[in-house]
2 protein chains.
Amino acid sequence: MTNIQDVAKVAGVSVATVSRVLNNSSSVSAKTRENVLKAIKELNYQPNLLGRNLRRMEARMILVLLPNISNPFYSRVVKGIEDVARKNDYFIMLCNTDSDASQEKLYLKLLKNRLSDGVIFLAPELKKEELSEIGINYPTVQCCEYKEGARVSHVTIDNYAAGYNAVKHLIDLGHKRIGLISCRNNFVSTKQREAGYRKALEDSGIDFDSRLITYGDYSFMSGMRCARQLLDLEGGVTAIFAISDVMAIGAMRAVKEKNMSVPKDIAVVGFDNISFASMSDPMLTTISQPKYEIGCTAMNLLLEQIKGSIKESRHIVLEHELIVRESTVGHSMNN
Amino acid sequence: MTNIQDVAKVAGVSVATVSRVLNNSSSVSAKTRENVLKAIKELNYQPNLLGRNLRRMEARMILVLLPNISNPFYSRVVKGIEDVARKNDYFIMLCNTDSDASQEKLYLKLLKNRLSDGVIFLAPELKKEELSEIGINYPTVQCCEYKEGARVSHVTIDNYAAGYNAVKHLIDLGHKRIGLISCRNNFVSTKQREAGYRKALEDSGIDFDSRLITYGDYSFMSGMRCARQLLDLEGGVTAIFAISDVMAIGAMRAVKEKNMSVPKDIAVVGFDNISFASMSDPMLTTISQPKYEIGCTAMNLLLEQIKGSIKESRHIVLEHELIVRESTVGHSMNN
DNA sequence: TTGTACGCGTTATCAC
DNA sequence: GTGATAACGCGTACAA
């Protein structure tokens, strides 16, 4: 393994000078620089970053923790994070937590052992005290999902308003019996979307019926199960709002099973605008989050913390959008 | 930042002894060990791996390069890689190449700069000479996709046999006009699946018709486009084999657009058995690869190279399976 | 069983 | 503009 000493020897200079050339730092004469570069090329020298990182006491690596890489919602967010990271000479480490706090803790070792310089949580599983503990000691940002009460910066949309918009859209179409497919978890987004649902009903003078709230687990199958439950209800429903696209797609499947049609018999609204939302039949009406921008913003926030320029935690809210497609007002091919 | 010296001081021993305790290495008296552990706990000491890694000249990090993390096919493969890695105290770095050779090269810097100890390619974009160059100098494994002629180990299924099985299944159901949705790329898997298609036709005495081969780009939309093209053909088709599930799902959508039904009018077979294949309507018949096992095998192969126990390149072939669902023989709800 | 001392490859400080 | 050299934190001969 050729190192900086070898280069110095071949170029006939000191290691300090080689280092200066490598880092484009102060004052190296053109002639010397040329010699050094020639030696580097000749030896096919690659700087050993293990040495550099130790010396600079940094890893140039960002930890990105998410429940599951294959969740299509996250890919655009991650892309945003990565693009900003790369522009600033950082690499990112993507880690599946499988929504498991102990796995999350395992990966946080990378932070404590100085193998990464900061962490972005896409859906923290830690308790808020543990999370605050991390946030105090290391550059930390929560992105999309966040824990209420943790003193850690976050970037999200207004899930309350988004839930409200989704349900208001259904109400405006004349629906009064609107089922909700939610989840039993402690995500702020879940609670807020649910609250938006209730507020929209209330503002329109529609009585709240607790039987219209069902609980899935973000999976396709749970979406089917919840929809069946709603359809079998006395009084039934004419519309369904699911807090994730995957569950909404499952719900549409259940509707078809009963030989009913979307949107003619049952209108469906999802949440997230994953790519499959425009591939489903009928295409899904949904709430779109600015995923890429959320990722960029989160990474920029983290960089500021790493540079030490900000200390207090900041909360940034970006705009969402209702995307109307076939599942609420469109023409379905199955009709 | 507390370091090994601080621990040594508090425990009243030398740094060497602390290091021995940390690494459970030779001969430390129970009493001393206890003192050291107490000091570690008291100071909340976390070993700085930047130092350790430099000293040991390793990063304990594996580079995993894939076209796109959100491609659902890869998530199980990655899970296999990760489980084996973790069991051996390695972390993995997942990197999106966007199927772009220059991005791939960017990430390979991590290897050359000693920030990772080996690389697994899920779909190499490099030319075979460049790939061989990497394979010669660093622990390297290709997984699923691979470059023919590169002297680098790989783990895959027999794509030729799998393509054959898929098409034979359609022929056994009585189909004679079978369209193929392939891709214009240089992947071995593509060529082999295509060759399997042709061989199955040949073995059954069905004349080959080049117009029945269409080319997409693995996307849903391209699947729709190719299917439309096949359906509009003079003589039409009664079945379609797509070399990816996503394109197959797109094809089913195109069939419905023409007010035809799957599988009554057109049978469809996909490839990969992604989770959406059992969520589509109708559920998709497809070829299943042992994704998790492929990942485990690849990582084990890599570990052997890192340990230096094997040098020559090895080629491992795992078993595939035809999963028959509604899109070829089942009952569709739309009929 | 334990301690001393060196070196891993690099960068940064201080001379000149 | 350049060189000598001391760190960075850790692991491991070698000595005791």
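In what follows, chains are A, B, ... by sequence order, proteins preceding strands, each numbered from 1. Model, not experiment: these values are computed from the prediction.
Contact check, A:Asn48 against C:dG9: no side-chain N or O comes under 4.0 Å of OP1 or OP2. An OP1 or OP2 oxygen of D:dG11 is reached within less than 4.0 angstrom by a side-chain nitrogen or oxygen of B:Arg52. OP1 or OP2 of D:dT12 has not a single side-chain nitrogen or oxygen of B:Ser25 nearer than 4.0 Å. Of the side-chain N and O atoms in B:Tyr45, none sit less than 4.0 angstrom from OP1 or OP2 of D:dG9.
The distance from atom CG of B:Leu54 to atom C1' of C:dC8 is 4 Å, rounded to the nearest whole Å. Regarding B:Arg114, its CZ atom lies at a distance of 11 Å from the C1' atom of C:dG9, rounded to whole Å. For A:Arg56 and C:dT10, the CZ to C1' distance is 9 Å, given to the nearest whole Å. Between the NZ atom of A:Lys31 and the C1' atom of D:dT2 there is a distance of 16 Å, given to the nearest Å. Atom CG in B:Leu49 sits about 9 Å away from atom P in D:dG11, given to the nearest Å. As rounded to whole Å, 12 Å separates atom C1' of C:dT10 from atom CD of A:Glu58. As rounded to whole Å, 11 Å separates atom P of D:dC10 from atom CD of B:Gln46. D:dG9 atom P lies 18 Å from atom CE of B:Met57, rounded to whole Å.
In this structure, A:Tyr146 and A:His154 have parallel ring planes: the angle between them is below the 30° cut-off, well short of the 60° mark.
Look at A:Glu130 and A:Lys105 and you find a salt bridge, because one of the NZ, NE, NH1 or NH2 atoms lies within 4.0 Å of a carboxylate O, short of that distance. Ion pairing between a basic and an acidic side chain is recognised when a charged N comes within 4.0 Å of a carboxylate O; B:Lys79 and A:Asp98 show such pairing.
In this structure a side-chain-to-backbone donor-acceptor pair under 3.5 Å is present from A:Lys147 to A:Pro124.
Counting non-hydrogen atoms of other residues, nucleotides and ligands closer than 6.0 Å to CZ of B:Arg86 gives a total above 12. With a 6.0 Å radius and a threshold of 12 heavy atoms from other residues, nucleotides or ligands, A:Asn186 has its CG atom at or below the threshold.
Using a 4.0 Å heavy-atom criterion, one finds that A:Leu50 contacts no nucleic acid atom at all. At the heavy-atom level, A:Thr32 lies under 4.0 Å from the strands shown only through sugar-phosphate atoms.
Residue A:Arg55 places a side-chain atom within donor-acceptor reach of the base of D:dA7, judged by atom type and a 3.5 Å distance cut-off alone.
Residues from residues 5-23 of chain A placing a heavy atom under 4.0 Å of any atom in DNA chain C, listed by number, are A:Ala16, A:Ser19, A:Arg20, A:Asn23.
Applying the side chain to side chain contact (heavy atoms under 4.5 Å, CB included) test between B:Glu104 and each of B:Val119, B:Asn96, B:Leu131, B:Thr97 identifies B:Thr97 as the sole match.
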